[in-house]
Amino acid sequence: MHGMINCALQGFLTAQYGPALWREVRDLARLPEEGFEAMERYDDALTLACFEAATEVLQKHPNALLEDIGIHLVTHPELEPLRRLLRFGGATFAEFLLSLEEMPDRARLAIPDLEMPEITLTAAGIGEFRIDLRWALPGIAPILGGVLSAMADDYGALAVMRLDGVRDGLETLSVKVVDVEFSAGRAFSLGGAQA
Amino acid sequence: MSGYAGGLDVPGAIGPAVLDRLLPMHLRIAADGTILGSGPTLVQMCGGERLDGMSVFDVLELRRPGAAADMPALMALAGQRLTLALRVAPDHPLRGVVAALPRGGGALLDVSLGPGFARAVTHFGLTISDFSPCDQTVELLYLQEANAAIGRLSRQLTERISIARATAERQALTDPLTGLANRRAMDAELSRLLADPEARLSLLHIDLDFFKQVNDTRGHAAGDRVLLAVADVLREEMRRMDLAARVGGDEFLVILRETVASDALAAAAARLIRRIETPVAFEGALCRVSASIGIATTDAYDHRPTADRLIADTDAALYRAKEAGRARFAIHGEAPPARPPSRAG
């Protein structure tokens, strides 16, 4: 697994629960003393061990923790560059959803060897979509669910996510866009990064 | 508007609304250079005022392949890659292309941001919706930001690595107890200086006297405290260009640069011995040690000595000093070992 993903997990645990919790998880999962490095690669087993240790120490349901990770990726101030990159996906939340299938290619523009899920978006009624996902590790649907609800907030849209189970490694997530202009959302200007 | 820009309103022809959506940064120009219509993004870039009725040459300035101040000159550039700038934003060069419309219907000029797109997007306050979905400028911006983010990560990694390397190097050259240089650092500095024929130096080999007694009677912690006190003395007595190293349990090597005269060396050695003899308080008791010092100086040789030779001669001088009794110093090539004058009072 790309170090960026492991670093995201470490960053989430440290930012949300503090460095002491991270050290506990690190020791329980026998992770490198100095933590993960974004520019390195790690065995998938290490990523899984880290996540399992976190659920054990925090006594949280895996899906709840995965969803929190997704929200963290979009909302944490230190990850503002990532939020901005996601906002390039479209001018509105609806456009963003319709560009989801492009997300893996977009991510690879930035990091060519980043493991991204296979994403298939299917319209399932007015404002409703089914998203089928396949990834190297289990749990991509709750992560994306967290990302999408945070992105809906970001765009000022109101959307509801529902996990629709896993079949043969294929995870399904349903999205219902209730209101595209629910609130003002957060600011995004194209040239914002230079400002 | 009849007869508009070469029949753009003819059924089946491309109407202004279509052009606005497909080419949001275009200008529709009449045969005499009057602007008949303009794409919404270009209007915004010009400040939001309608451009219709203005002369195209009052709105923008052609720069490459050459200037053009009237329609014949502009149309001579038809089909070529143009560099131009809006009069309201001369610092933001844009890319353009112009094409003649049929039957004397004027021209269509399309514009894009060109390589300065990132600055231009900020300057003009453009959003995703200001670009045609087929315009890759937004993807370029995305890529630029992604690159910048990855670049930051790389720089942070490089920084962490160089800090780690500097720490490792420092540790490799430092005695962990006293913070003085270690043997390796001393050897390197000595070799470096001896390789420079201009560098004059003296090497002092300092060996503590009675240190074993302190260690045996008061324990290693007391011994360590004494070594730290000696290190402090050396640091205080050294100048920036000098170097002091701990090279054994209670042995130190000191390079004094430019100090080669016997009387100056004798004064320095005597002062060092006196200061090292200052009792060191440890857990309510006073630990007392002294020092013997052997000295060799580059000026005492006809040929430039090697580091090994210099060290061997300080060893021999130290041996003579020890033989003559404790708390003395001896200079290689000079006899006899001297005892520092007693402390005044």
Side-chain angles (χ1 to χ4, degrees), chain A residues 2-8 10-11 32-41 73 76 78-96 98-99 102-114 116 154-155 180 185-195, chain B residues 21 24-25 40-42 44-45 89 91-92 94 112-168 171:
Chain A
H2 199 286
M4 200 72 81
I5 288 162
N6 295 278
C7 271
Q10 176 181 341
E33 169 93 27
E34 64 282 4
F36 291 118
E37 174 53 60
M39 295 299 190
E40 280 194 36
R41 292 198 71 84
L73 291 176
H76 196 264
E78 272 181 30
L79 296 175
E80 171 70 7
L82 179 57
R83 175 190 86 95
R84 285 191 50 85
L85 291 179
L86 287 166
R87 282 289 294 256
F88 278 96
T92 63
F93 183 63
E95 234 180 77
F96 172 79
L98 291 170
S99 77
E102 290 178 0
M103 191 196 272
D105 276 336
R106 281 184 173 276
R108 280 188 285 266
L109 276 179
I111 310 170
D113 55 344
L114 186 66
M116 287 296 288
D154 212 273
Y155 278 106
V180 287
R186 284 174 67 193
F188 172 74
S189 69
L190 269 190
Q194 277 84 37
Chain B
R21 186 61 191 128
M25 294 184 229
T41 303
L42 199 67
Q44 184 186 332
M45 289 164 68
D91 296 339
H92 292 277
L94 305 171
S112 76
L113 296 185
F117 62 90
R119 277 193 314 118
V121 162
T122 307
H123 178 81
F124 296 118
L126 301 179
T127 68
I128 293 178
S129 332
D130 290 325
F131 294 92
S132 157
C134 291
D135 186 336
Q136 292 275 46
T137 302
V138 175
E139 321 303 326
L140 280 173
L141 279 169
Y142 164 88
L143 198 53
Q144 197 199 31
E145 276 198 47
N147 267 334
I150 302 295
R152 275 194 298 277
L153 284 175
S154 294
R155 275 196 304 283
Q156 286 164 6
L157 175 61
T158 311
E159 221 164 84
R160 280 198 300 278
I161 289 174
S162 52
I163 288 171
R165 192 173 50 210
T167 308
Q171 284 166 353

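A note on names: the letters A, B, ... follow the listed sequences, proteins ahead of strands, and every chain is numbered from 1.
The contact between A:Ile111 and chain B is made entirely by side chain atoms (from C-beta outward), counting heavy-atom distances below 4.5 Å.
Contact record, A:Ala110 with B:Tyr142: CB-OH, 4.5 Å, taken as the closest heavy-atom pair.
In this structure B:Arg21 satisfies the side-chain hydrogen bond (donor to acceptor under 3.5 Å, both in side chains) test with no other residue, sequence neighbours excluded. Take B:Glu139 and apply the side-chain hydrogen bond (donor to acceptor under 3.5 Å, both in side chains) test, not counting sequence neighbours, and it matches A:Arg106.
Of residues 125-135 of chain B, those residues with a non-hydrogen atom less than 4.5 Å from any non-hydrogen atom of chain A are, in numerical order, B:Leu126, B:Thr127, B:Ile128, B:Ser129, B:Phe131. Of all residues in residues 150-158 of chain B, those placing a non-hydrogen atom less than 4.5 angstrom from a non-hydrogen atom of chain A are B:Ile150, B:Arg152, B:Leu153, B:Ser154, B:Leu157.
Separating the CD atom in A:Glu37 from the CD1 atom in B:Ile161 is a distance of 7.0 Å, to the nearest 0.5 Å. Between the CG atom in A:Leu190 and the CZ atom in B:Phe117 there is a gap of 11.0 Å [rounded to 0.5 Å].
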